[in-house]
Amino acid sequence: MTGPSPVVAGPEAGGGPLLEASGLTKHFPVGGTRFAARGVVHAVDDVSLRIARGAITAIVGESGSGKSTLAKLLARLIKPTGGSLALDGKAIAARSRAGRRYARQVQLVLQDPFASLNPIHDVRYHLVRPLKLHGIPGSGGPDGENNVARGPRPRAVLDQAVEDLLSRVALTPPEAFAAKYPHELSGGQRQRVAIARALAVAPAILLADEPVSMLDVSIRLGVLNLLADLRERDGLAIVYVTHDIASARYLADTIAVMYAGRIVETGPAAALTDQPAHPYTQLLLSAAPDPDRAQRPSLRGKGAPPNLATPPPGCRFHPRCPHAMRICAETVPTLTETGAGQASACWLHASGLSGAERAPLKIADLRAASEPPPPYPDDAAEPGKEA
Ligand code: SF4
């Protein structure tokens with residue numbers, strides 16, 4: 001068995017990864033009082049990632065797997081319970097100039113384009129605001145880190161910058177879109193404006209949290225292709241968070257599969273989806289729509305995701321896993337190499353297990369691990385609320 005392996009997104013250029021997360025952990029307090037929680041929700045546990053320049057990494061998992069919490073941790077919108085982040089090899093301290101630079105370099109695009117734009121302002125306002133706050137990239141300003149100049153700018157300069165941004169996200173003619181309000185745009189056009197707003201500060205990494213899940217199926221492909229173009233044209237690194245493993249295969253170089261707050265399998269997108277090593281990845285793929293598949297998929301995994309206030313011991317997938325063994329309910333498996341660049345956190349790939357450890361789990365053990373926890377009182381703090 002090897003130790004936990006970081007996720008490496010694509011071939012790394014010289015100088016190491018652009019963004020590195022080590023042991024990121026987020027536990028949300030629940031129940032009790034403001035000063036003494038009754039328990040914690042284990043939303044993200046010990047996740048390590050290495051994002052290479054110009055690479056697209058997909059974080060895939062079902063609802064409640066912790067993938068959106070991980071995106072917020074990477075964007076530094078919430079404080080981690082444990083772990084650290086480093087950008088360009090430099091550790092990011094809580095309050096520092098490096099923190100401000102991080103905010104410019106790592107931008108988040110949210111799932112809901114309806115909610116992420118202010119309905120009382122036009123598109124121009126949404127794009128000018130970050131340009132005024134952070135300056136216009138490439139304008140030869142005093143900030144050596146991003147080459148931006150902050151402060152007042154002539155209207156003509158700002159208008160040109162807005163038109164450039166709208167052209168980059170294929171909203172043309174840009175002058176017509178700049179004057180529109182969010183309610184005058186389609187869902188896909190709103191999401192393009194949200195992406196343009198993120199691009200306004202010339203980020204190196206775009207965190208796209210379910211960017212197409214609220215869009216009509218017919219316009220999802222256009223937004224995915226836009227993300228692919230941005231990577232090709234601008235060398236942007238993208239972290240694509242999704243529940244849809246088929247779109248992850250289409251867009252990403254590398255896929256990391258999350259289950260119940262942990263990464264359970266990683267690898268090159270094509271290899272991981274062609275030959276999934278982890279039973280949960282196999283379950284996800286069997287549930288993905290496939291027009292070439294004549295028969296209905298047989299979902300061999302049973303049950304539902306666990307309550308993360310009381311996650312199952314050992315492998316968190318064991319109450320649902322058709323291959324669960326005695327050791328699965330006792331010890332957490334670590335990521336193990338299973339192929340070229342592919343790694344899976346599953347005891348099936350371990351060698352040297354004893355007969356007792358390999359013994360199949362009994363139904364009674366699985367039921368015990370699946371039992372729901374006692375409910376918290378009505379006045380319990382909601383998951384997601386900081387202590
Ligand atoms: Fe299934 Fe055990 Fe592998 Fe977990 S570690 S996926 S329970 S076989």
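All values below were derived from every heavy atom in this structure, side-chain atoms included, with hydrogens, water molecules and symmetry-related copies excluded. Numbers here simply count residues along the sequence, with the first being 1.
A side-chain donor-acceptor contact under 3.5 Å links Glu184 to the backbone of Tyr181. Judged purely by atom type and a 3.5 angstrom limit, Thr25 uses its side chain to pair as donor or acceptor with the backbone of Asp46. Side chain of Asp216 to backbone of Ser218: no donor-acceptor contact under 3.5 angstrom is found. A donor-acceptor pair under 3.5 Å is formed between the side chain of Arg220 and the backbone N or O of Leu215. Proximity of a side-chain donor or acceptor of His121 to a complementary backbone N or O of His126 within less than 3.5 Å is not detected. Checked by atom type and distance alone, the side chain of Arg326 never pairs as donor or acceptor with a backbone atom of Ala356 at under 3.5 Å. With hydrogens and angles ignored, the 3.5 Å screen pairs no side-chain donor or acceptor of Ser22 with any backbone N or O of Gly83. Under a 3.5 Å cut-off, the side chain of His318 and the backbone N or O of Pro313 do form a donor-acceptor pair. Not one N or O on the side chain of Thr254 forms a donor-acceptor pair closer than 3.5 Å with the backbone of Ala252. Counting only distance, with no hydrogens or angles, the side chain of Glu265 and the backbone of Pro276 share no donor-acceptor pair below 3.5 Å.
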Dump the intermediate steps for salt bridge (charged side-chain N to carboxylate O under 4.0 Å, His left out) on Asp45 and Arg316, then the final yes or no.
CA-CA 11 Å; Asp45 262 330; Arg316 291 182 178 174; 2.6 Å; yes
Could you please spell out the steps behind the side chain to side chain contact (heavy atoms under 4.5 Å, CB included) verdict for Ile255 and Val257?
CA-CA 6 Å; Ile255 293 177; Val257 179; 4.0 Å; yes
Show your reasoning for whether side chain to side chain contact (heavy atoms under 4.5 Å, CB included) applies to Leu236 and Leu199.
CA-CA 10 Å; Leu236 200 61; Leu199 296 177; 3.8 Å; yes
May I have the step-by-step check of side chain to side chain contact (heavy atoms under 4.5 Å, CB included) for Phe177 and Leu185, ending in yes or no?
CA-CA 9 Å; Phe177 279 98; Leu185 303 172; 3.7 Å; yes
Under the side chain to side chain contact (heavy atoms under 4.5 Å, CB included) rule, what do Asp88 and Leu18 come out as? Steps first, then yes or no, please.
CA-CA 5 Å; Asp88 252 340; Leu18 181 57; 3.8 Å; yes
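Considering only heavy atoms from C-beta on, Arg231 stays 4.5 Å or farther from Leu251 through its side chain. Tyr250 places a side-chain heavy atom less than 4.5 Å from the side chain of Asn225. Here the side chains of Arg76 and Leu73 are not in contact, with every heavy-atom distance at 4.5 Å or above. Looking at Pro305 and Ser65, their side chains never come closer than 4.5 Å, going by heavy atoms from C-beta outward. Leu19 is listed as a side-chain neighbour of Tyr102, based on a closest heavy-atom distance under 4.5 Å. Two residues are said to be in side-chain contact when any heavy atoms from C-beta on lie closer than 4.5 Å; Leu207 and Val241 fail this criterion. Between Ser116 and Arg197 there is a side-chain heavy-atom pair separated by less than 4.5 Å. Leu224 is listed as a side-chain neighbour of Tyr240, based on a closest heavy-atom distance under 4.5 Å.
Between the side chains of His349 and Ser344, at least one donor-acceptor pair of N or O atoms lies under 3.5 Å.
Glu20 CD to Arg50 CZ: the interatomic distance, rounded to the nearest 0.5 Å, is 5.0 Å. We find the CD-CZ distance between Gln191 and Phe114 to be 9.5 Å, quoted to the nearest 0.5 Å. Here the CG atom belonging to Leu335 is positioned 8.5 Å from the NE2 atom belonging to His278, to the nearest 0.5 angstrom. Between atom CZ of residue Arg124 and atom CZ of residue Arg129 there is a gap of 14.0 Å, rounded to the nearest 0.5 Å. The distance from the OG1 atom of Thr331 to the CE atom of Met325 is 10.5 Å, given to the nearest 0.5 Å. For the atom pair CG (Leu348) and NE2 (His323), the distance works out to 6.0 Å, reported to the nearest 0.5 Å.
The shortest heavy-atom contact between Ala71 and Leu108 is CB-CD1, 4.4 Å. Pairing each heavy atom of Ala196 with each of Leu165, the nearest pair is O-CD2, 3.7 Å. Between Ala329 and Leu361, the closest heavy-atom pair is CB-CD1, 3.9 Å. What you find for Ala198 and Val109 is that their closest heavy atoms are CB-CG2, 3.9 Å. The shortest non-hydrogen separation linking Pro130 to Ala200 is CG-CB, 3.8 Å. For the residue pair Leu24 and Leu70, the shortest heavy atom distance occurs at CD1-CD1, 4.0 Å.
Hydrophobic clustering, with ILVMFWY side chains joined whenever heavy atoms are under 4.5 angstrom apart, keeps Met214 apart from Val193. Note on Ile78 and Val239: same hydrophobic cluster, where clusters join Ile, Leu, Val, Met, Phe, Trp and Tyr whose side-chain heavy atoms are under 4.5 Å apart, directly or indirectly. Residues Leu77 and Leu49 share a hydrophobic cluster, clusters being chains of Ile/Leu/Val/Met/Phe/Trp/Tyr side chains in contact below 4.5 Å. Taken together through direct or relayed side-chain contacts under 4.5 Å among Ile, Leu, Val, Met, Phe, Trp and Tyr, Val157 and Val128 form part of one hydrophobic cluster. At a threshold of 4.5 Å between side-chain heavy atoms, the hydrophobic network of Ile, Leu, Val, Met, Phe, Trp and Tyr places Leu221 and Leu227 in one connected group.
Scored by the ring-ring contact (aromatic ring centres under 6.0 Å, His included) test, Tyr280 finds Tyr259, Phe317 as partners (sequence neighbours excluded). Residues forming a ring-ring contact (aromatic ring centres under 6.0 Å, His included) with His27 (at least two apart in sequence, or on another chain): His42. Annotation: side chain to side chain donor-acceptor pair (under 3.5 Å) contacts of Glu357 (sequence neighbours excluded): Ser354.
Salt-bridge check for Arg168 with Asp234: passed, with a basic side-chain N closer than 4.0 Å to an acidic carboxylate O. By the 4.0 Å N-to-carboxylate-O rule, Asp112 lies too far from Arg190 to be salt-bridged with it. We find that Asp209 and Lys67 are not joined by a salt bridge, their nearest charged nitrogen and carboxylate oxygen being 4.0 Å or further apart.
No more than 12 heavy atoms of other residues, nucleotides or ligands shown are found within 6.0 angstrom of CD on Gln275.
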